[in-house]
Amino acid sequence: MSLAHIRPPQGDSAWIKRYRPLESPSLRLFCLPYAGGNAGAFRRWAQLPTTGVEVVAVQYPGRQERLAEECLQDMESLADGVAAALVPLLDRPFALFGHSMGASVAYEVALRLEHRYRTKPRQVFVSGAASPLRPMRHSDVHLSSDEAMVEWFGELGAMDEAVLADPELRPLVLPAMRADLRLIETYRPRPGRRTTAPVTAYVGDADPGVTPDDARAWRDLTSAEFSFRVFPGGHFYLSDHEEALLADITERLGGNCK
């Protein structure tokens, strides 16, 4: 499939959130949220000053304005849906960024874009995630009680305690949390598949679930250049280093931050 003559649609699909659309971006950075997360995690990224880079957040089904849709509980369905939704926006060079669960989604989407649509990202950025080739540190949290699951997310610093304590909001967020956990805990990459795009892995030096060695193991999932950087902080190190992280990403893509 040739993408040479694709033009962006007049309106984006439900998968796409552009908080600050650029009229003529030089590159698009597609951002994939973590388990239990939503596109809003990247709202601030879109407001940070970059030169020519349009930040595009992906909205998974079953959250925010897609709350009425069923959450997808397997990687194949989610990656298929994301890849298809991105195609109309591939009229410009692009890169993928995924944090935690989103890192594996980014890798699977890259493979689909390469093999099905004959295009590839300029770079894939994987953050706060062990390579899926490493043994899983947990595989049954999605089978646990709501309380145990919430506690597990809380230890990672992933959820707003006020939301989880609200009896009206809690039922709205728990299904997405459980579905995403099931997805990532049952996900196994197909043997022998590597992206041909360069990969950069990021990790926090105090991440309780991902060691630097776990993150470095992403090098085995690309046939291109691999790079690696450690930031101070835990699993959500990026919350405290948004500007520095985005500046690093932009620099690696050949641009620069204002």
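Just so you know, these numbers come straight off a predicted model, no measurement behind them.
Checked against side chain to side chain donor-acceptor pair (under 3.5 Å), S239 has no partners two or more places apart in sequence or in another chain. For R20, the side chain to side chain donor-acceptor pair (under 3.5 Å) test picks out no residue, with sequence neighbours left out. Every residue meeting the salt bridge (charged side-chain N to carboxylate O under 4.0 Å, His left out) condition with E54, not counting sequence neighbours, appears here in chain and number order: R18, R28. Annotation: salt bridge (charged side-chain N to carboxylate O under 4.0 Å, His left out) contacts of E147 (sequence neighbours excluded): R170.
Here F125 contributes atom CZ and S227 contributes atom OG; the two are 7.5 Å apart, rounded to the nearest 0.5 Å. Note that SG of C31 and CZ of R43 are 13.5 Å apart. Values are rounded to the nearest 0.5 Å. Atoms CD1 and OG1, from I249 and T200 in turn, are 8.5 Å apart once rounded to the nearest 0.5 Å. Of the inter-residue distances, the one linking L238 atom CG with S100 atom OG reads 10.0 Å to the nearest 0.5 angstrom. The CE atom of M75 sits 10.5 Å away from atom CZ of R188, with the distance rounded to the nearest 0.5 Å. L183 contributes atom CG, which lies 10.0 Å from atom NE2 of H142 (distance to the nearest 0.5 angstrom).
Contact detail for D214 and G209: the closest heavy-atom pair is OD2-O, 4.1 Å. Heavy atoms only, all atoms of each residue included: Y187 and P189 are closest at OH-CB, 3.5 Å. Listed here is the closest heavy atom pair of P61 and E69: CB-OE1, 3.9 Å. Closest non-hydrogen pair, W15 versus G81, comes out as CZ2-CA, 3.7 Å. The two atoms that bring S223 and T196 nearest to each other are OG-CA, 3.5 Å, heavy atoms only. Shown here for D205 and G233, the closest heavy-atom pair between the two residues is OD1-N, 2.9 Å.
You'll find the side chain of D248 reaches within 4.5 Å of the side chain of R252, heavy atoms only. In this structure the side chain of V199 never reaches within 4.5 angstrom of the side chain of L221, judged on heavy atoms. Within the 4.5 Å cutoff, side-chain heavy atoms of L245 are placed close to those of F231. By the 4.5 Å heavy-atom criterion applied to side chains, R134 and D213 are counted as neighbours. No side-chain heavy atom of F30 sits under 4.5 Å from any side-chain heavy atom of V109. Between V105 and V58 there is no side-chain heavy-atom pair separated by less than 4.5 Å. Contact check for Y107 versus R193: side-chain heavy atoms found under the 4.5 Å cut-off.
Linking ILVMFWY side-chain heavy atoms closer than 4.5 Å, directly or via other members, places Y202 and L48 in a single hydrophobic cluster. Y34 and Y19 fall into different hydrophobic clusters, where Ile, Leu, Val, Met, Phe, Trp and Tyr side chains are chained together by heavy-atom contacts under 4.5 Å. No chain of hydrophobic side-chain contacts below 4.5 Å, direct or via other Ile, Leu, Val, Met, Phe, Trp or Tyr residues, connects L22 to L253.
Side-chain atoms of T222 come within 3.5 Å of backbone atoms of A197 as a donor-acceptor pair (strictly under, hydrogens ignored).
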**Item:** From CA spacing to verdict: side chain to side chain contact (heavy atoms under 4.5 Å, CB included), L96, L86
**Value:** CA-CA 11 Å; L96 298 168; L86 297 188; 4.0 Å; yes
**Item:** Derivation and outcome, side chain to side chain contact (heavy atoms under 4.5 Å, CB included), residues L90 and L113
**Value:** CA-CA 10 Å; L90 302 185; L113 294 177; 3.9 Å; yes
**Asked** Checking side chain to side chain contact (heavy atoms under 4.5 Å, CB included) for the pair R178/D146: CA distance, chi angles, key distance, verdict?
**Response** CA-CA 9 Å; R178 189 175 298 282; D146 287 350; 2.6 Å; yes
**Message:** Run the side chain to side chain contact (heavy atoms under 4.5 Å, CB included) test on Q73 and T186 for me, step by step, so that the C-alpha distance in whole Å, both residues' side-chain angles and the decisive distance to 0.1 Å come before the verdict.
**Reply:** CA-CA 9 Å; Q73 300 186 45; T186 59; over 6 Å; no
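Remark: E108 does not engage R190 in a salt bridge, criterion side-chain N to carboxylate O under 4.0 Å. A salt bridge links E243 and R44; the closest N-O separation between the charged side-chain nitrogens and carboxylate oxygens is under 4.0 Å. With salt bridges taken as basic N to acidic carboxylate O contacts below 4.0 Å, none links E114 and R194.
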Listed pairs under 3.5 Å, donor-acceptor, residues 126-133 side chains, sequence neighbours left out:
unit_1 : atom_1 : unit_2 : atom_2 : d
S127   : OG     : H99    : ND1    : 2.8
S127   : OG     : Y237   : OH     : 2.6
S131   : OG     : L133   : N      : 3.1

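Using modelled atom types, one finds no donor on one side chain facing an acceptor on the other under 3.5 Å when comparing Y60 with D180.
Using cut-offs of 30° and 60° on the angle between ring planes, the pair F228 and F226 is parallel. Aromatic ring orientation, F97 versus W45: tilted (interplanar angle from 30° to 60°).
Each of K17, Q64, E65 was evaluated against N38; a single residue qualifies, Q64, per the side chain to side chain donor-acceptor pair (under 3.5 Å) test.
Residue pairs satisfying the salt bridge (charged side-chain N to carboxylate O under 4.0 Å, His left out) criterion with at least one member in residues 32-41, sequence neighbours excluded, are absent.
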